[in-house]
Q: 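Here it is: the structure, laid out below.
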Amino acid sequence: MTATALRAQINWWRGCQRAYDRTGYQYFHTTNQTASKEHVKILVLGGGSGGVAMGARMKRKVGAENVAIVEPSEMHYYQPIWTLVGAGAKSVESSGRPTASVIPSGVKWVKSRVTEVNPDTNSVRTDSGKEISYKYLIVALGLQLHFEKIKGLPEGFEHPKIGSNYSVKTVQKTWKALQDFKEGNAVFSFPNTPVKCPGAPQKIMYLTDAFLRKTGKRSNANIVYNTSLPVLFGVKKYADSLWEVVKARDLTVNLRHNLIEVRADKQEAVFENLDKPGETNVFKYEMLHVTPPMGPPDVLKGSPLADEAGWLNLNKETLQHNVYPNVFGIGDCTNLPTPKTAAAVAAQSGVLDRNITRIMKKSQPDKTYDGYTSCPLVTSYNTVILAEFDYNGQPLETFPLDQSKERRIMYYMKADVMPHLYWHGLLRGLWGGPGPYRTLMHLGMK
Ligand SMILES: Cc1cc2nc3c(=O)[nH]c(=O)nc-3n(C[C@H](O)[C@H](O)[C@H](O)COP(=O)(O)OP(=O)(O)OC[C@H]3O[C@@H](n4cnc5c(N)ncnc54)[C@H](O)[C@@H]3O)c2cc1C
């Protein structure tokens with residue numbers, strides 16, 4: 001090699017080193033100079049509630065240039081508000097912001113879908129063919145909706161009278177069906193799988209009842225909630241209050257009923273009776289709200305990171321992976337045995353922040369997630385029962401009031417305060433749940 005060629009080679013390497021120092025990314029060129037591999041210290045998979053929150057927290061710990069988030073969607077949605085969108089109390093536009101505006105500044109947004117996770121080589125692959133290696137991985141991939149597991153869906157949504165608050169594509173159809181209601185059955189379903197926000201399938205029932213009363217149509221309506229579960233709600237304290245609401249408003253609840261088919265052209269919904277295999281019941285409907293079956297993301301299922309059911313296999317206290325110590329998780333994609341909510345994500349984000357930081361410093365995780373989750377059970381256009389509880393189903397209430405009662409103040413929290421906490425607190429890594437406020441409000445007794 002001539003002296004000039006050697007100098008050029010050295011300059012090229014120096015250039016690469018400067019680029020690496022500036023961006024935190026290292027580019028390994030292959031012989032054809034087209035394919036590239038990237039490396040980042042902390043890689044976050046998914047830019048939803050949990051992914052953005054952890055991106056913001058990790059940026060503060062290791063610097064923006066050492067964090068990347070893989071997320072394919074252009075828009076980020078505050079999903080909890082869809083309950084009110086489906087009932088016409090909020091606009092769908094208010095639920096979304098461009099993803100670019102919520103990715104923490106300086107953090108790299110890899111606008112792709114992860115197609116393969118290889119924890120044995122500390123790397124992932126994306127649908128654009130890129131391979132990204134990491135030192136620490138945070139999995140925040142959410143869950144998948146499976147409308148297609150119900151015969152007749154999703155194509156049934158092309159017909160009127162049917163909607164679902166669970167997707168941005170179908171939430172406005174709920175509001176349309178509600179407005180078009182004349183007389184007959186309003187039917188609501190809850191599937192035979194884990195779901196996110198298990199209160200949401202019945203919140204829209206209470207709002208439907210309230211809307212039909214307000215518009216003078218309630219006497220023409222028969223409101224039916226068909227749930228696969230053997231209970232109305234998983235925590236007795238709140239379930240007891242909800243049964244009272246159901247009785248007072250003359251709502252019909254059928255337990256262990258699972259939606260298996262929608263004949264949208266005939267306005268018929270077919271439910272199987274889970275306690276009597278082979279028995280099905282057909283409900284004619286004037287309005288149908290579908291909560292679809294849900295499951296783990298495809299990329300997790302069958303990967304070394306998943307448990308037998310396909311969910312991310314975590315230590316339920318530390319949120320560290322049970323097999324790969326440099327892998328962590330948060331939110332709906334995990335196998336944490338607590339209802340999947342944004343409130344749970346908030347509480348998990350504080351625990352995860354602390355534990356990853358300690359592990360990066362070669363210490364042991366010392367913060368424990370107690371399973372905190374919360375469900376604002378909207379029971380009308382101005383009342384909410386605010387359920388808050390832990391892994392054991394023990395109420396963990398923030399306010400020094402009996403939260404199992406319907407309250408106006410809690411509706412205000414749900415409709416106006418929580419969206420602000422989400423956009424300006426959780427997503428910026430500044431809101432780790434109400435734990436400290438609970439202690440304060442209960443004068444240090446809780
Ligand atoms: C109708 C409704 C009502 C709700 N009500 C409430 C409520 O009142 N209170 C409450 O606390 N919670 C509520 N929730 C639940 C709450 O919205 C979720 O639990 C929370 O958003 C979960 O956050 P996450 O980060 O785990 O998942 P998400 O926020 O769903 O984010 C997952 C992200 O991963 C991305 N992703 C998926 N696959 C890939 C891939 N292969 N590669 C890269 N990225 C990928 C997705 O695009 C998505 O952005 C409600 C949800 C719904 C739908």
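Any value given below was found using the heavy atoms of this structure, including those in side chains, with hydrogens, waters and symmetry copies removed. Whatever order the structure lists them in is the order used to number ligands and atoms, beginning at 1.
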Q: Take atom NZ of K237 as the centre, draw a 6.0 Å sphere, and report whether it contains more than 12 heavy atoms from other residues, nucleotides or ligands.
A: yes

Q: Students should be able to answer this: which protein heavy-atom is nearest to atom 51 (C) of ligand 1, and at what distance?
A: Q79 CB, 3.8 Å

Q: So is K414 touching ligand 1 or not, going by heavy atoms under 4.0 Å?
A: yes

Q: Does either side chain, that of Q79 or that of S95, offer a donor lying less than 3.5 Å from an acceptor on the other one?
A: no

Q: When you measure from atom 34 (O) of ligand 1 to each heavy atom in L141, V52, I81, which option holds the nearest one?
A: L141

Q: Going by the ring pair (Phe, Tyr, Trp, His ring centres under 6.0 Å) test, which pairs reach into residues 367-387, not counting sequence neighbours?
A: Y369-Y391

Q: Just going by heavy-atom distances, which of E71, K340, M54 is nearest to atom 48 (C) of ligand 1?
A: E71

Q: Hey, does L45 sit under 4.0 Å from ligand 1 if you only count heavy atoms?
A: no

Q: I want to know whether Y238 and W243 have ring centres closer than 6.0 Å.
A: no

Q: May I ask whether Q144 places a heavy atom under 4.0 Å from ligand 1?
A: no

Q: Give a yes or no on this: more than 12 heavy atoms of other residues, nucleotides or ligands lie within 6.0 Å of atom CZ of R213.
A: yes

Q: Any N or O of A343 that comes nearer than 3.5 Å to an N or O of ligand 1?
A: yes

